[in-house]
Amino acid sequence: MTPLIDRTVAAVRSAISGAISAAGWSLDEGSIVVETPRDPSHGDLATTAALVLAKEVGKNPREIAETLQARIGESPPAADVAPLSSMEIAGPGFLNFRFAGSWLEGGLVETLEQGGEYGQNDRLAGRSILFEFISANPTGPLNVVSARAAAIGDTLAALWQAAGARAGREYYINDAGRQVRLLGESLEARVLQLQGEEAVVPEQGYHGDYLVEMAEQFLSGEVPAWWGGSDREKRTEELSRWATDQVVAVQKEIVEIFGLHFDTWFRESSLHESGAVEETLEDLRSRGHIYESEGAVWFRSSDFGDEKDRVLVTGDGRPTYLLPDVAYHRDKYARGWETLIDLWGPDHHGYIARMSAALEALGHDREAFDVMIVQQVNLLRGGEIVKMSKRAGRLIEMEELLEEVGRDATRFFFLMRGTSTHLDFDLDLAVSANEENPVYYVQYAHARISSVLEHARSEGLDPDAELAGADLTRLIEAEERGLMRLLVDYPGLVADAAETFEPHRIPAHLRQLSAAFHHFYHNHRVVGSEPAVQAARLALCAGVRQVLANGLALLGVEAPDRM
RNA sequence: GCGCCUGUAGCUCAGAUGGAUAGAGCAGUGGGUUUCUAACCCACCGGCCGCAGGUUCGAGUCCUGCCAGGCGCGCCA
């Protein structure tokens, strides 16, 4: 469904467009800005059209605004979606629009009617988009950057779904590279050590304690026959596979604890087994983007904007990381996804150009693939940065973070910030000071409203019946109109957040809505006010509660009735 | 050297396709509801939007250069 705010803006824009033509001027509809003024006293919507037209027309913007105002007055926007009550010219030449009360009230009615679906919209209907995120190497526990990516990827997918798109969540398991072998060798050393033999973890291997635990686990179960066999090579290979499966299983567990569900866990090894890697190479070759030099197979990525060409198959015949990764993305398209979005860590940004190049070389639009870099996270404890290093074995894991901070606060905290900002996560603050964390502020507003509705019930009122018969024109206070406006804006905001890949707009809006509610609550009684007003206010409360719940659901955060 | 990200209040960050007096939380100071949850509300304090140019009627936002911090630049993954 098209959100009320979108329908309203469209109607106003088209009225402005008509007025411009009627006046004998021209401005393409796309550059007619219709926006919500920051200051509510400037009206419900405003346009800068007169300011933009000033130069071309060669007149004072205020004069132009006057003409537009007159023309719009002659043929106003559709009254059902934009019931204009007044227009005024302000400042250097803004034209401000004000709507009749029925407009805001309509928004509240939509909220209550649509309930849990309010916010869903059709802005991105027909699009199909696959989000791939976390995709950590299956060699160790998930770290905090993974947690950040998890929160962002999950919510982005939810936002796109809410905006009408088909959106998927996918996790890529790099279970075929050299790092898997190293993991096996590292674990092998740990197991041997436990058995009292001399063994060293390879220098390039994984030194974390988790492998000691895994070694204990390996020995505590039924030890497979291949472990005692004479085939050393087989032993390492089997153990590598066993270890990878273990790590992936643990990663799956953590992700589930985080409340995140992937549609697909995709194994790199499946690409090698199915021949997709070879096929991809042949595909590129047949398109003329491959050459051989110094014994290696190269991809002419510099033809597609990369700074230099890249090796796909090394001199000794092994594919580099790039080739299976290209095969993987090729496979995503083959499975019917139109747009691919990857969330990568900051250390991979140098890799973007070659991947885009490869996908373009395979005939896909440049716009059909994009990478969001999820910037690093500094964990602070006692004001000091806690270092994370997979290799060194001292690491802050996603699991630890969830235990310490909790799922709701972790998700909210990560989603509050822009994705591309480096961020400091103060553990002491997040853990100790409840009131410091804005997630409680929003949850508290939700709980408070629940409590109000509960109180109404205890007073013998039936909120549902009250809502149905409520006369919303009784909502006349500034706080009430402000809340209603935030409800009206919500669906458009969901669409914007999806379209711009900026999930942090949702928490920002929820905080604003919560603040507006707390303010309202402080100044006005709900239960116990004049019956007609009481009914209307109960409806408003229910609407605000609904939007808070819907917004928190997009973030994967609980909306408690009691705190 | 090249590339990416960041630079806004003491701290952590918003600032919506460039718009009207640059916002919030925390910290600090001082207040508030005998009534539906004080995890709340209100006021005050606090700004050369890193620096310098440019585009524009208008720039925190766009362009150029510089400064500072972070990260990345393998026939590694």
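Proteins come first, then strands; the chains are lettered A, B, ... in the order of their sequence lines, and each starts at number 1. All heavy atoms count here, side chains included; hydrogens, waters and symmetry mates do not.
The aromatic rings of F517(A) and F520(A) sit tilted, their planes meeting at an angle between 30° and 60°.
An aromatic stacking contact links F94(A) with the base of A20(B), defined here by ring centres under 5.5 Å apart and ring planes under 30° from parallel.
In this entry the distance linking CZ of R310(A) with P of C75(B) reads 8 Å, nearest Å. Atom pair L45(A):CG and A20(B):P shows a separation of 16 Å (rounding to whole Å applied). The nearest whole Å value for the distance from the CG atom in D347(A) to the C1' atom in C73(B) is 12 Å. Remark: P of C36(B) and CZ of R525(A) are 6 Å apart, rounded to the nearest angstrom. Atom CZ of R505(A) is separated from atom P of A24(B) by 20 Å (rounded to the nearest Å).
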- Dump the intermediate steps for ring-ring contact (aromatic ring centres under 6.0 Å, His included) on Y172(A) and Y328(A), then the final yes or no. CA-CA 9 Å; Y172(A) 182 56; Y328(A) 171 47; 3.9 Å; yes
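Under the rule for a side-chain hydrogen bond (donor to acceptor under 3.5 Å, both in side chains), the partners of D342(A) that lie at least two apart in sequence or sit in another chain are H329(A), K332(A), W344(A).
Comparing R511(A) and A515(A) against RNA chain B, the residue whose closest nucleotide sits nearer the 5' end is R511(A). Residues S450(A) and P319(A) each lie close to RNA chain B; by heavy-atom proximity, the contact nearer the 5' end of the strand is made by S450(A).
The partner of C11(B), taking Watson-Crick or G-U wobble pairs whose two distances both stay under 3.5 Å, is G25(B). Judged by Watson-Crick or G-U wobble contacts below 3.5 Å, the nucleotide G58(B) has no partner.
A donor-acceptor contact under 3.5 Å links the side chain of N96(A) to the base of A20(B). Taking only distance into account, the side chain of H422(A) meets the base of C5(B) through a donor-acceptor pair shorter than 3.5 Å. For H348(A) against G72(B), a side-chain-to-base donor-acceptor contact under 3.5 Å is absent.
For the pair R411(A) and F414(A), the cation-pi criterion (under 6.0 Å, within 45° of the ring axis) is not fulfilled.
Enclosure of atom CD in E558(A) is not indicated, since only 12 or fewer non-hydrogen atoms of other residues, nucleotides or ligands lie within 6.0 angstrom.
A close approach under 4.0 Å does not occur between any side-chain nitrogen or oxygen of H349(A) and OP1 or OP2 of G3(B). Neither OP1 nor OP2 of C36(B) sits under 4.0 Å from any side-chain N or O of S458(A).
Side-chain atoms of Q375(A) lie closest to C5(B) of the nucleotides C5(B), A77(B), A39(B).
To the nearest whole angstrom, the two C1' atoms, one in G10(B) and one in C71(B), are 28 Å apart.
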